[in-house]
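For reference, the structure is listed below as structure tokens.
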Amino acid sequence: MTSADCVVRGCRQALTLAGAAPRRGAAMRDAACLENAWLAGCDGRLVFVGDEAAFRRDVRVAPGAAVVDGAGLVALPGFVDAHTHLPFAGHREAEFKLRLDGATYQELAARGMGILTTVAATRAASREELTALCLERLDLMLLTGTTTVEAKSGLDLETEIRQLEALREAAARHPVDIVPTFMGAHEIPPEYRGRKDAYIRFLVDTVLPEIRRRGLAEFCDVFCEEGVFSLEEARLILSSASSAGFKVKIHADEFVPLGGSRWAAGAGAVSAEHLISIPDGDLASLAASRTAAVLLPGVSFFLRLGKTAPARRLVDAGAVVALATDFNPGSSMLSSMLFVWQLGVYTLGLGIEEALAAATINGAYAVDRHRDCGSLEIGKKMDVLLCDVPDYVSLVYRLGVNPIRHVIKAGRVVVRDGRLAPRET
Ligand code: ZN
């Protein structure tokens, strides 16, 4: 008998996503669905997934255990959002409206709008303000089923440290797990305009070692794009980061293909992200590699690009495809992974089960957490969504509603009846 301090009784269905991780090709179509499933956890980890008879035989429910009635509900693993820019201040509604009315990027920049608005607000924000903003956003994410989130910093050294400290503080106070990524090479700060080489040297010689010394980030990411960082520059920064002990990600082939995903595949980067403009030849090398392709359908949707990453071809070629929000104030003000799952189906041409695998187990792989979360399997964190729908297909069929009734994070019920439980701190 195994002891349990958290139990979900009798779910209509449980999409366990159990099996080899990450998922590729045809394996992405199998959500490993169990009918009438019982789940049990102890100390935050799953100790049982199976039917009622096996549960009654194998599990002893500890006194005081949390017991959730899963009758009529569909269970799935908590979503893993593998790409966000969580710690920013300010917002850009005014610019958004003007852009919809036809203003060009240059016109907006001339009016002092664009990324510099939120850069200035973030620089002016205190660590406490950034922490409060992160906590608010994590609440919204949790309500739509995200239980693990990657979060990128990305400004000058002092702001960078404040952002990463805010993430650490938020992680300590919020049930959602945060995977922190250092992204100093996101833009060239105004004070380094025309002196990009000096900025790169500063990043490599001063900032990376300082972030490492303080243990503030696990990954390093670079925006490799025309007019931002070239492939040569990205390689220089990411190889230094890798030598310093960071795991590596790259924003690649978003607008102009510069060879970022090909480099990522060859260098063993954990992920290449965006890929809207990935060339065919690079698609094949990415598919043959261990590097995850993190696709962000919210960006194409939000910017009305009329063009998406070639998700269907990436899956068919055998790439590890993950889906994420790219939550940020300029190109994807989207925090819901439930909606990203739906976008994966409606706008990227993925099947319901494929897009789900991309939003859970493959998302976990893209942040190196696939041994820990992303599926409902014994030994993994008990991160479970319980949804009030007649069948899992309804989760993609019914748009614009949130059917997530309860969320269990690491064996604790953190959303009950659609409401956040009070935080412990
Ligand atoms: Zn991004």
Side-chain angles (χ1 to χ4, degrees), residues 1-11 14-19 21 32 34 37-50 54-55 58-70 73-82 134-135 138-139 141-151 167-180 215 218 337 359-361 363-387 404-417 419-425:
M1 293 284 263
T2 179
S3 177
D5 59 17
C6 183
V7 170
V8 183
R9 301 156 51 99
C11 307
L15 304 177
T16 66
L17 280 298
L34 301 177
W38 290 56
L39 308 169
C42 192
D43 293 331
R45 304 239 163 212
L46 282 161
V47 294
F48 177 87
V49 181
F55 178 88
D58 297 342
V59 180
R60 190 176 58 80
V61 181
V67 178
V68 179
D69 184 7
L73 304 180
V74 172
L76 55 145
F79 295 120
V80 179
D81 189 346
C134 289
L135 289 170
L138 290 169
D139 280 349
M141 289 175 168
L142 191 57
L143 285 166
T144 43
T146 299
T147 50
T148 301
V149 63
E150 187 258 12
L167 286 176
R168 180 144 79 183
E169 175 81 20
R173 288 168 54 186
H174 202 282
V176 172
D177 283 321
I178 299 179
V179 180
E218 177 177 336
M337 281 296 289
T360 54
I361 187 64
Y365 178 82
V367 292
D368 196 23
R369 291 288 189 282
H370 52 293
R371 293 169 207 88
D372 215 38
C373 64
S375 64
L376 301 178
E377 291 177 280
I378 290 170
K380 286 199 175 179
K381 282 196 176 162
M382 189 176 187
D383 295 352
V384 187
L385 313 181
L386 291 159
C387 309
I404 299 174
R405 170 92 69 86
H406 312 302
V407 179
I408 299 170
K409 173 63 195 176
R412 280 204 310 124
V413 183
V414 289
V415 173
R416 191 181 282 279
D417 292 319
R419 289 171 185 275
L420 293 163
R423 281 201 291 274
E424 280 173 349
T425 45

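Two residues are said to be in side-chain contact when any heavy atoms from C-beta on lie closer than 4.5 Å; Thr360 and Ser375 fail this criterion. Side-chain contact between Arg173 and Leu135 is present, with heavy atoms from C-beta onward closer than 4.5 Å. Taking 4.5 Å as the limit, every side-chain heavy atom of Val415 sits out of range of all side-chain heavy atoms of Ile404. The closest side-chain heavy-atom distance from Ile408 to Leu386 is below 4.5 Å. The side-chain heavy atoms of His406 and Leu73, taken from C-beta on, include a pair separated by under 4.5 Å. Looking only at side-chain heavy atoms (C-beta outward), Arg168 and Pro180 stay at 4.5 Å or farther from each other. Under the 4.5 Å side-chain criterion, counting only non-hydrogen atoms from C-beta, Ile361 is in contact with His370. Counting only heavy atoms from C-beta outward, the side chains of Phe79 and Leu385 approach each other to under 4.5 Å.
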Inset, instruction - Check the pair Arg60 / Thr2 against side-chain contact (heavy atoms from CB on, under 4.5 Å), numbers first and verdict last. - result: CA-CA 6 Å; Arg60 190 176 58 80; Thr2 179; over 6 Å; no
Inset, instruction - Would you please test Thr148 and Lys381 for side-chain contact (heavy atoms from CB on, under 4.5 Å) and show each step? - result: CA-CA 11 Å; Thr148 301; Lys381 282 196 176 162; over 6 Å; no
Inset, instruction - Take Val68 and Val384, measure what side-chain contact (heavy atoms from CB on, under 4.5 Å) needs, and give me the verdict at the end. - result: CA-CA 11 Å; Val68 179; Val384 187; over 6 Å; no
Inset, instruction - Please lay out, stage by stage, how Arg412 and Asp5 fare under the test salt bridge (Lys or Arg N to Asp or Glu O under 4.0 Å). - result: CA-CA 9 Å; Arg412 280 204 310 124; Asp5 59 17; over 6 Å; no
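Here Lys380 contributes atom NZ and Arg45 contributes atom CZ; the two are 10.0 Å apart, rounded to the nearest 0.5 Å. Expressed to the nearest 0.5 Å, how far CG of Leu167 lies from CD of Glu150 amounts to 9.5 Å.
Of all the heavy atoms in Gly70 and Val8, the pair that sits closest is CA-CG1, 4.2 Å. Closest non-hydrogen pair, Leu39 versus Ala75, comes out as CD1-CB, 4.3 Å. Here the shortest heavy-atom pairing between Ala410 and Asp383 reads N-OD1, 2.9 Å. Summarising the geometry of Leu142 relative to Val407, their closest heavy-atom pair is O-CG2, 3.7 Å, with the distance given to 0.1 Å. Taking every heavy atom of both residues into account, Ala4 and Cys42 meet most closely at CA-CB, 4.4 Å. The heavy-atom pair separating Cys387 from Leu76 by the smallest distance is SG-CD2, 3.6 Å.
Between the side chain of Arg369 and the backbone N or O of Ala364, no donor-acceptor pair lies under 3.5 Å. No side-chain donor-acceptor contact under 3.5 Å links Glu377 to the backbone of Thr16.
By the 6.0 Å contact criterion, CZ on Arg9 is open, its count of non-hydrogen atoms from other residues, nucleotides or ligands being 12 or less. Counting non-hydrogen atoms of neighbouring residues, nucleotides and ligands closer than 6.0 angstrom, the CG atom of Asp43 reaches no more than 12 such neighbours.
Under the 30°/60° scheme for interplanar angles, the aromatic rings of Phe55 and Trp38 are found to be tilted.
No option in Thr146, Thr147, Asp177 other than Asp177 meets the side-chain hydrogen bond (donor to acceptor under 3.5 Å, both in side chains) test with Lys409.
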